[in-house]
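Here is the structure we will look at, set down as structure tokens.
What you are looking at is a predicted structure, and each value in this text was computed from that prediction instead of being measured.
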Amino acid sequence: IVRFERDDTTIASGNGLGQIQFAHKEVGNEGVAATLRVEAGNASGSGMFVFQTGLADTVNDCMYVNHFGLVTIDPSGGGDQITHELSVRNNGSPRLTIDHLNGTGSALSSALLFRYSATNAGWIGYLGDQNLIINNDLAAGDIIYETPTEHSFTIGGTEELRITNTETS
């Protein structure tokens, strides 16, 4: 057992509880290249993992796991913004990439799966290398596209395709 412990009796959010540094001695680029840090969370007695990566001696926060197990990947350093089970954040264009490097033919090559309880509820993915598919696996469910201005279209139900506009002028 390896144990890191503060000897304070009062700890504030963000106080370090322990740290492991990964460094190298490449000539001209010496220093810490990555860090695994644990700091006090914002709840009493909680802790949060903070992963840092970067160049020699210039590491920055890039991923956080809080005391609920919520994960945020955020190269801009917004660890206090953990709000969902997995959040991907960036100052520019945040992206979540799902790759299947050998996707060809008619098989599902990559997909984002949605589950309800222990049941597959649907997925968005590519079939082979051509078609993007939105699939609802629930027998009674529809696929609904809706905009903030109340425009929508529904596929499923008793109709094949329904387009509605509930906005009033």
Side-chain angles (χ1 to χ4, degrees), residues 1-103 108-126 132-138 141-150 152:
I1 295 175
V2 175
R3 181 177 177 142
F4 299 93
E5 184 176 41
R6 287 182 68 106
D7 59 2
D8 307 50
T9 56
T10 304
I11 297 177
S13 179
N15 286 156
L17 301 178
Q19 178 171 291
I20 300 172
Q21 294 183 340
F22 301 87
H24 57 81
K25 295 185 177 192
E26 179 185 7
V27 177
N29 295 306
E30 304 87 350
V32 176
T35 300
L36 172 58
R37 190 177 77 236
V38 178
E39 60 184 41
N42 57 8
S44 187
S46 69
M48 176 169 63
F49 279 105
V50 179
F51 296 83
Q52 297 178 309
T53 60
L55 301 173
D57 280 343
T58 311
V59 295
N60 297 300
D61 296 358
C62 63
M63 187 170 82
Y64 312 84
V65 181
N66 76 2
H67 66 284
F68 291 117
L70 305 181
V71 177
T72 295
I73 300 169
D74 184 359
S76 62
D80 58 337
Q81 302 296 318
I82 296 176
T83 56
H84 297 89
E85 289 75 12
L86 174 63
S87 299
V88 179
R89 303 177 68 238
N90 190 312
N91 288 334
S93 301
R95 295 179 174 98
L96 178 62
T97 302
I98 301 171
D99 280 336
H100 183 294
L101 301 178
N102 298 314
L108 182 64
S109 59
S110 58
L112 178 58
L113 305 175
F114 301 95
R115 293 177 58 83
Y116 176 76
S117 188
T119 304
N120 289 336
W123 49 270
I124 299 172
Y126 272 92
L132 176 65
I133 297 176
I134 302 172
N135 180 50
N136 184 349
D137 286 336
L138 300 176
D142 295 334
I143 296 175
I144 300 171
Y145 172 81
E146 188 171 278
T147 67
T149 57
E150 304 300 322
S152 68

In Å and rounded to the nearest 0.5 Å, what is the [atom1] to [atom2] distance from [X] to [Y]?
X: Leu36; Y: Gln52; atom1: CG; atom2: CD; result: 9.5 Å
X: Thr53; Y: Asp61; atom1: OG1; atom2: CG; result: 9.5 Å
X: Asn66; Y: Ser46; atom1: CG; atom2: OG; result: 8.0 Å
X: Asp8; Y: Asn15; atom1: CG; atom2: CG; result: 6.5 Å

### Donor-acceptor contact below 3.5 Å, side chain Gln19 vs main chain Leu17
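No; zero donor-acceptor contacts below 3.5 Å.
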
Work out which heavy atom in [X] is nearest to a heavy atom in [Y]; give both atom names and the distance.
X: Val32; Y: Thr35; value: CG1-OG1, 3.5 Å
X: Ala12; Y: Ala40; value: O-CB, 3.4 Å
X: Gly54; Y: Val59; value: N-CG1, 4.1 Å

### Query
Given Phe51 and Val65, is the side chain to side chain contact (heavy atoms under 4.5 Å, CB included) satisfied, shown in steps?
CA-CA 9 Å; Phe51 296 83; Val65 181; 4.1 Å; yes

### Query
After noting the C-alpha distance and the side-chain angles of Asn29 and His24, does the key distance pass the side chain to side chain contact (heavy atoms under 4.5 Å, CB included) rule?
CA-CA 8 Å; Asn29 295 306; His24 57 81; 4.2 Å; yes

### Query
Heavy atoms, side chains only, cut-off 4.5 Å: are Met48 and Tyr64 in contact?
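Result yes, sub-4.5 Å side-chain heavy-atom pair found.
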
